[in-house]
Amino acid sequence: MADVGGVAADHLRSYIERIERLEEEKKGIADDIKEIFAEAKGTGFDVKAMRAVLRLRKMDKADLQEQEYMIDLYKHALGMAADENMPEEGAENESEAASF
């Protein structure tokens, strides 16, 4: 084994070649995943939603609950929550009464 500047060249080459092989495998897997997404899209599935579901499925249950809580909190703060888009009961009556 040749040492160059204190580095074992054969050992380094072995690591580099192993990483290169794994990078090739990773590219092949990424291509396979792209094909599956294309197939799903071709049958009418929403790929963006599928990616979101995959991301959520990877999360720890507690982290997922915390994230959902925070998103809901922020949506309420910005007036984006579903229940905030609906008029409150009696709001129509108040606006009608104000116009008289």
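A quick note: this is a predicted structure, and the numbers were derived from the prediction, not measured.
The shortest side-chain heavy-atom distance between Glu23 and Lys27 does not fall under the 4.5 Å cut-off. The shortest distance between side-chain heavy atoms of Glu66 and Tyr69 does not fall below 4.5 Å. Looking only at side-chain heavy atoms (C-beta outward), Met50 and Val53 stay at 4.5 Å or farther from each other.
To the nearest 0.5 angstrom, Lys61 atom NZ is 14.0 Å from Leu56 atom CG. Rounded to the nearest 0.5 Å, atoms CG (Leu22) and CD (Glu25) are 5.5 Å apart. We find the CG-CG distance between Leu78 and Leu73 to be 9.5 Å, quoted to the nearest 0.5 Å.
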Output side-chain donor-acceptor pairs under 3.5 Å for residues 37-49, partner residues at least two apart or in another chain, one line each.
| residue | atom | partner | partner atom | Å |
| --- | --- | --- | --- | --- |
| Thr43 | OG1 | Glu39 | O | 3.4 |
| Thr43 | OG1 | Ala40 | O | 2.9 |
| Asp46 | OD1 | Lys48 | N | 2.9 |
| Asp46 | OD1 | Ala49 | N | 3.0 |

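Connection of Ile33 to Leu54 is established within a shared hydrophobic cluster, with ILVMFWY side chains joined at heavy-atom distances below 4.5 Å, either directly or through further cluster members. Leu64 and Met70 fall into different hydrophobic clusters, where Ile, Leu, Val, Met, Phe, Trp and Tyr residues are linked whenever their side-chain heavy atoms come under 4.5 Å apart, directly or through other members.
A salt bridge is absent between Glu24 and Arg21: the closest approach of a Lys/Arg side-chain nitrogen to an acidic carboxylate oxygen does not fall below 4.0 angstrom. Here Lys75 does not pair with Asp72 in a salt bridge; the nearest charged N to carboxylate O distance is not below 4.0 Å.
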